[in-house]
**Student:** 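My structure is below; once you've seen it, I'll send some questions.
The first residue in the sequence is number 1, and the count goes up from there. All values reported here derive from a predicted model rather than from experimental measurement.
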Amino acid sequence: QVQLVESGGGLVQAGGSLRLICAASGRTFSIYPMGWFRRAPGKGREFVAGINWGGRSENYADSVKGRFTISRDNAKNTVYLQMNSLKPEDTAVYYCAQGTVVYGGGTGPFGFWGQGTQVTVSS
């Protein structure tokens, strides 16, 4: 059974940085793409970033390009989201996701989700 556990969220001032971490278990990590999504208060789930199975191809939402970086360590079954220059509009619950296609790309589809970690950016 796939388990995804996020950590690293918290409260930060605008302009600050956070690094989210997602630890995966339950099946072979290195052959599946990974992604990060978020859900802001009163809004639907939004794709933030994705990375292909090998870590050589990344995709980002326009709203985070140039500020966020997704990476993965297949030896540690872990995916990261480095978030810099944070803005109040980045406030949301952030979810780690694992793709469903072996050797797939960073745009998904995604079929497994973590419980989420709260990120709050104060102005």
**Student:** Tell me, which pairs form a side chain to side chain donor-acceptor pair (under 3.5 Å) where one or both residues lie in residues 99-112, sequence neighbours left out?
**Tutor:**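 Of all non-adjacent pairs touching residues 99-112, none passes side chain to side chain donor-acceptor pair (under 3.5 Å).
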
**Student:** Within a 6.0 Å radius of atom CD on E46, are there more than 12 heavy atoms belonging to other residues, nucleotides or ligands?
**Tutor:**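 Enclosed: over 12 neighbouring heavy atoms sit under 6.0 Å from CD of E46.
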
**Student:** So, using side chain to side chain contact (heavy atoms under 4.5 Å, CB included) as the criterion, who are the partners of A61 when residues are at least two apart?
**Tutor:**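 In terms of side chain to side chain contact (heavy atoms under 4.5 Å, CB included), with neighbours along the sequence ignored, A61 is linked to S63, V64.
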
**Student:** Contact between W113 and R45 at the side-chain level, heavy atoms closer than 4.5 Å - yes or no?
**Tutor:**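 In contact.
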
**Student:** Is there a continuous path of hydrophobic side-chain contacts, each under 4.5 Å between heavy atoms, that joins L20 to V48?
**Tutor:**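 Yes: a chain of side-chain contacts under 4.5 Å links L20 to V48.
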
**Student:** Measuring from atom CE of M34 to atom CG of L81, what distance do you get when rounded to the nearest 0.5 angstrom?
**Tutor:**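 CG of L81 is found 11.5 Å from CE of M34.
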
**Student:** Would you name the heavy atoms of P33 and G105 that are closest together and state the gap between them?
**Tutor:**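 Taking every non-hydrogen atom into account, CB-O, 3.1 Å.
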
**Student:** Using only atom types and a distance under 3.5 Å, with no angle test, would you say the side chain of N74 pairs donor to acceptor with the backbone of W53?
**Tutor:**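 Here the side-chain-to-backbone pair exists.
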
**Student:** So which pairs with a foot in residues 75-97 pass ring pair (Phe, Tyr, Trp, His ring centres under 6.0 Å), sequence neighbours left out?
**Tutor:**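 For residues 75-97: none.
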
**Student:** Of all heavy-atom pairs between Y60 and A49, which one has the smallest distance, and what is that distance?
**Tutor:**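 Distance-wise, the nearest heavy atoms are CD2-CB, 3.6 Å.
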
**Student:** Rounded to the nearest 0.5 Å, what separation is found between the OG1 atom of T91 and the CD atom of Q118?
**Tutor:**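 If we round to the nearest 0.5 Å, T91:OG1 and Q118:CD are 7.0 Å apart.
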
**Student:** Under the salt bridge (charged side-chain N to carboxylate O under 4.0 Å, His left out) rule, what pairs show up with a residue in residues 84-106, not counting sequence neighbours?
**Tutor:**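 Residue pairs with at least one partner in residues 84-106: R38-D90, R67-D90.
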
**Student:** Nearest 0.5 angstrom please: L18 CG to Q82 CD, how far?
**Tutor:**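 The CG atom of L18 sits 8.5 Å away from the CD atom of Q82.
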
**Student:** Please name all residues satisfying ring-ring contact (aromatic ring centres under 6.0 Å, His included) with F47, sequence neighbours left out, ordered by chain then number.
**Tutor:**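 Partners of F47 under the ring-ring contact (aromatic ring centres under 6.0 Å, His included) test: F37.
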
**Student:** Go through the structure and list residues passing side-chain hydrogen bond (donor to acceptor under 3.5 Å, both in side chains) with Q115, not counting sequence neighbours.
**Tutor:**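 Partners of Q115 by the side-chain hydrogen bond (donor to acceptor under 3.5 Å, both in side chains) criterion come out as none, since no residue qualifies.
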
**Student:** Sorted by first residue and then second, give each disulfide bond (SG atoms under 2.5 Å apart) pair with at least one member in residues 13-122; sequence neighbours left out.
**Tutor:**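 Qualifying pairs: C22-C96.
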
**Student:** Under the side chain to side chain contact (heavy atoms under 4.5 Å, CB included) rule, collect the residues that match up with V2, sequence neighbours excluded.
**Tutor:**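 V2 satisfies side chain to side chain contact (heavy atoms under 4.5 Å, CB included) with L4, R27, Q98, F112 only.
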
**Student:** Rounded to the nearest 0.5 Å, what's the gap from OG1 on T78 to CZ on F29? Could you check?
**Tutor:**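 Separation between the atoms: 6.5 Å.
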
**Student:** To the nearest 0.5 Å, tell me how far I70 CD1 sits from M83 CE.
**Tutor:**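 The CD1 atom of I70 sits 12.0 Å away from the CE atom of M83.
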
**Student:** Of all the heavy-atom pairs spanning R39 and K43, show the shortest one and how long it is.
**Tutor:**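 Closest heavy-atom pair between R39 and K43: CG-O, 3.3 Å.
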
**Student:** Quick one: which residue pairs count as a disulfide bond (SG atoms under 2.5 Å apart) with a foot in residues 46-77, not counting sequence neighbours?
**Tutor:**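 Of all non-adjacent pairs touching residues 46-77, none passes disulfide bond (SG atoms under 2.5 Å apart).
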
**Student:** Grouping I, L, V, M, F, W and Y whenever their side-chain heavy atoms are under 4.5 Å apart, do V119 and V79 come out in a common cluster?
**Tutor:**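 Yes, it is one cluster - the side chains of V119 and V79 are joined through contacts under 4.5 Å.
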
**Student:** Once salt bridge (Lys or Arg N to Asp or Glu O under 4.0 Å) is applied, do any residues pair with K65, and if so which ones, sequence neighbours excluded?
**Tutor:**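 Here the qualifying residues are D62.
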
**Student:** Only pairs at least two apart or in different chains count here, so list each side chain to side chain donor-acceptor pair (under 3.5 Å) that has a residue in residues 5-25.
**Tutor:**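 Listed once each, the pairs are S17-N84.
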
**Student:** Looking at every non-hydrogen atom in both residues, tell me the closest pair between V93 and G116 and how far apart they are.
**Tutor:**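 Scanning both residues completely, I find the closest heavy atoms to be CG1-CA, 3.8 Å.
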
